[in-house]
J.: 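Encoded as structure tokens, here's the structure I'll be asking about.
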Amino acid sequence: AVAGDRLFVADSEAHLVAVYSLASGARVASLGKYGSASGELRHPVSVAATSRGKNLRIFVSERLNKRVQELTADGGHVRTYGSRTSPRSAATPPPEEEGAH
């Protein structure tokens, strides 16, 4: 995901979101670390970014925690959608309707 002058990339192997400068291509930060607590990540697979007023928000979908976390640009936890214990989590797509083509 691109936001401002930064590129946010899910790094599933390292269990974090890598942050790169668009100008230089250099890695400038990382968000999260391995774990299941708020702000921690287990196998992040996708990242989206949006601005809410002046606040940049990063949304990270995790495969193993089966949730989506909303983070600040510096990695602070804002909100969690879904959970590992939910039968159908926010990070899991709904099943196709029977008979739909």
J.: Run the side chain to side chain donor-acceptor pair (under 3.5 Å) test against Ser51 and tell me which residues pass, sequence neighbours left out.
T.: none

J.: Using the test side chain to side chain contact (heavy atoms under 4.5 Å, CB included), find all partners of Ala29 that sit at least two apart in sequence or belong to another chain.
T.: Val19

J.: Please name the pair of heavy atoms, one in Ile58 and one in Ala49, separated by the smallest distance, quoted to 0.1 Å.
T.: CD1-CB, 3.9 Å

J.: Carefully, step by step, assess Thr72 and Arg57 under the rule side chain to side chain contact (heavy atoms under 4.5 Å, CB included).
T.: CA-CA 5 Å; Thr72 62; Arg57 294 292 188 246; 3.5 Å; yes

J.: Please list, chain by chain and in numerical order, all residues satisfying side chain to side chain donor-acceptor pair (under 3.5 Å) with Ser30, sequence neighbours excluded.
T.: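 Partners of Ser30 under the side chain to side chain donor-acceptor pair (under 3.5 Å) test: none.
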
J.: Looking only at heavy atoms, what is the nearest atom pair of Leu41 and Leu31, with distance?
T.: CD1-O, 3.7 Å

J.: May I ask whether Val28 and Leu56 are part of the same hydrophobic cluster, defined by side-chain heavy atoms of I, L, V, M, F, W, Y residues being less than 4.5 angstrom apart, directly or through others?
T.: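 Same cluster.
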
J.: Go through the structure and list residues passing side chain to side chain contact (heavy atoms under 4.5 Å, CB included) with Ser46, not counting sequence neighbours.
T.: Ser61

J.: Asp11: what forms a side chain to side chain contact (heavy atoms under 4.5 Å, CB included) with it, not counting sequence neighbours?
T.: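 With neighbours one apart ignored, the set is Glu13, Ala14, Leu16.
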
J.: Could you list all the side-chain hydrogen bond (donor to acceptor under 3.5 Å, both in side chains) pairs where at least one residue sits in residues 16-26, not counting sequence neighbours?
T.: Ser21-Ser24

J.: Hydrophobic cluster membership, with links at side-chain heavy-atom distances under 4.5 Å among I/L/V/M/F/W/Y: are Phe8 and Tyr34 in one?
T.: no

J.: Salt bridge check: are Glu62 and Arg67 linked by an N-O gap of less than 4.0 Å?
T.: yes

J.: With sequence neighbours left out, what residues match Asn55 under side chain to side chain donor-acceptor pair (under 3.5 Å)?
T.: none

J.: Closest heavy-atom contact between Val45 and Ala10?
T.: C-CB, 3.9 Å

J.: Sequence neighbours excluded, which residues qualify as side chain to side chain contact (heavy atoms under 4.5 Å, CB included) partners of Arg79?
T.: Arg52, Glu70, Tyr81

J.: If every non-hydrogen atom of Gly35 is compared with every non-hydrogen atom of Arg42, which pair is closest and at what distance?
T.: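 Looking at all heavy atoms of both residues, the shortest contact is O-CG, 3.1 Å.
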
J.: Taking salt bridge (charged side-chain N to carboxylate O under 4.0 Å, His left out) as the test, write out the residues that go with Arg27, two or more places apart.
T.: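 If we apply the salt bridge (charged side-chain N to carboxylate O under 4.0 Å, His left out) test to Arg27, skipping adjacent residues, there are no hits.
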
J.: In the single-linkage hydrophobic clustering (I, L, V, M, F, W, Y; side-chain heavy atoms under 4.5 Å), do Val9 and Leu22 co-cluster?
T.: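 Same cluster: Val9 reaches Leu22 through Ile, Leu, Val, Met, Phe, Trp or Tyr contacts under 4.5 Å.
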
J.: To the nearest 0.5 Å, how far apart are CD in Gln69 and OG in Ser38?
T.: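 The OG atom of Ser38 is 6.0 Å from CD of Gln69, to the nearest 0.5 Å.
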
J.: Filter on ring-ring contact (aromatic ring centres under 6.0 Å, His included), then keep only pairs touching residues 42-70, sequence neighbours left out; what's left?
T.: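 As it turns out, there is no ring-ring contact (aromatic ring centres under 6.0 Å, His included) pair with a partner in residues 42-70 once direct neighbours are skipped.
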
